[in-house]
Amino acid sequence: MAWIVLVLSGLLETAWAVALDRSAGFSRPLPSVVFVVALVFSMAGLAYALRDIPVGTGYAVWVGIGAVGTALVGMLALNEPTSLPRILCLLLVIAGVVGLKFFH
């Protein structure tokens with residue numbers, strides 16, 4: 001169960017990072033509210049998962065999921081540059097996250 005919560009918390013990290021960007025410095029109410037709610041639930045999920053998963057592994061997996069998710073949203077929906085080197089780097093992050101799970 002801790003791993004499922006950790007993955008969902010990593011996805012919420014993507015949500016709050018994108019909402020933070022869309023909030024335009026907290027000047028737009030809806031993205032600002034989405035940011036706060038997603039941040040609270042993401043942190044709460046991370047805290048829950050860390051009861052069973054070592055902090056080094058859990059935090060690295062959480063950040064990796066959030067970083068890859070945010071980069072993918074940026075490339076697919078926000079017109080950020082997409083290139084083979086960027087995609088290969090994201091694949092390396094994914095490989096690291098998967099490795100941490102299997103060698104946990």
Side-chain angles (χ1 to χ4, degrees):
M1 184 63 153
W3 282 100
I4 293 169
V5 171
L6 184 62
V7 169
L8 292 174
S9 296
L11 294 174
L12 284 171
E13 184 186 2
T14 295
W16 68 251
V18 173
L20 180 60
D21 175 62
R22 299 285 109 191
S23 76
F26 300 115
S27 65
R28 298 176 61 212
L30 182 59
S32 298
V33 169
V34 170
F35 164 76
V36 170
V37 170
L39 178 67
V40 167
F41 280 102
S42 179
M43 291 291 175
L46 176 62
Y48 174 84
L50 292 181
R51 295 189 314 180
D52 294 324
I53 299 169
V55 67
T57 301
Y59 183 73
V61 169
W62 180 76
V63 168
I65 292 169
V68 169
T70 304
L72 288 175
V73 169
M75 288 188 281
L76 296 173
L78 303 176
N79 296 322
E80 292 182 7
T82 303
S83 65
L84 183 59
R86 287 188 78 183
I87 292 169
L88 291 174
C89 289
L90 290 176
L91 289 172
L92 289 171
V93 173
I94 292 168
V97 167
V98 170
L100 286 171
K101 165 61 175 132
F102 283 116
F103 296 116
H104 165 241

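Start at 1 with the first residue, then count along the sequence.
With hydrophobic clusters built from ILVMFWY side chains whose heavy atoms lie under 4.5 angstrom apart, V40 does not share a cluster with V33. Both L91 and V98 are part of a single hydrophobic cluster, where members link through side-chain heavy atoms under 4.5 Å apart. Connection of V61 to M1 is not established within any shared hydrophobic cluster, with ILVMFWY side chains joined at heavy-atom distances below 4.5 Å, either directly or through further cluster members. In this structure, V5 is not a member of the same hydrophobic cluster as L11, with clusters built from ILVMFWY side-chain heavy atoms closer than 4.5 Å. At a threshold of 4.5 Å between side-chain heavy atoms, the hydrophobic network of Ile, Leu, Val, Met, Phe, Trp and Tyr places L90 and L88 in one connected group.
Across all their heavy atoms, P29 and S27 have their closest contact at CD-O, 3.8 Å. Residues A49 and A2 come closest through the heavy atom pair CB-O, 3.5 Å. Here the closest non-hydrogen pair linking V97 and A60 is CG2-O, 4.4 Å.
With rounding to the nearest 0.5 Å, the separation of CZ in R86 from CG in L84 is 12.0 Å. With rounding to the nearest 0.5 angstrom, the CG atom of L50 is 10.5 Å from the OH atom of Y59. Summarising the geometry, atom CH2 belonging to W16 is positioned 8.0 Å from atom OG1 belonging to T70; distances are rounded to the nearest 0.5 Å. Expressed to the nearest 0.5 Å, how far CG of L6 lies from CG of D52 amounts to 11.0 Å. Separation of atoms CD1 (I87) and OG1 (T82) is listed at 6.0 Å; rounding is to 0.5 Å.
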Please evaluate residues L39 and M43 with respect to the criterion side chain to side chain contact (heavy atoms under 4.5 Å, CB included), reporting the C-alpha separation (whole Å), side-chain torsions for both, the decisive distance (0.1 Å), and the verdict. CA-CA 6 Å; L39 178 67; M43 291 291 175; 4.0 Å; yes
Under the side chain to side chain contact (heavy atoms under 4.5 Å, CB included) criterion, do F41 and L8 qualify, and how do the steps go? CA-CA 9 Å; F41 280 102; L8 292 174; over 6 Å; no
Can R22 and L30 be said to form a side chain to side chain contact (heavy atoms under 4.5 Å, CB included), step by step? CA-CA 9 Å; R22 299 285 109 191; L30 182 59; over 6 Å; no
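Looking at residues two or more places apart in sequence or on another chain, you find a side chain to side chain donor-acceptor pair (under 3.5 Å) between W62 and S42.
S23 places no side-chain N or O within 3.5 Å of a backbone atom of R28 that could act as its donor or acceptor partner.
Side-chain contact between P85 and S83: present, with at least one pair of heavy atoms (C-beta onward) separated by less than 4.5 Å. In this structure, the side chains of L72 and M75 come closer than 4.5 Å at one or more pairs of heavy atoms.
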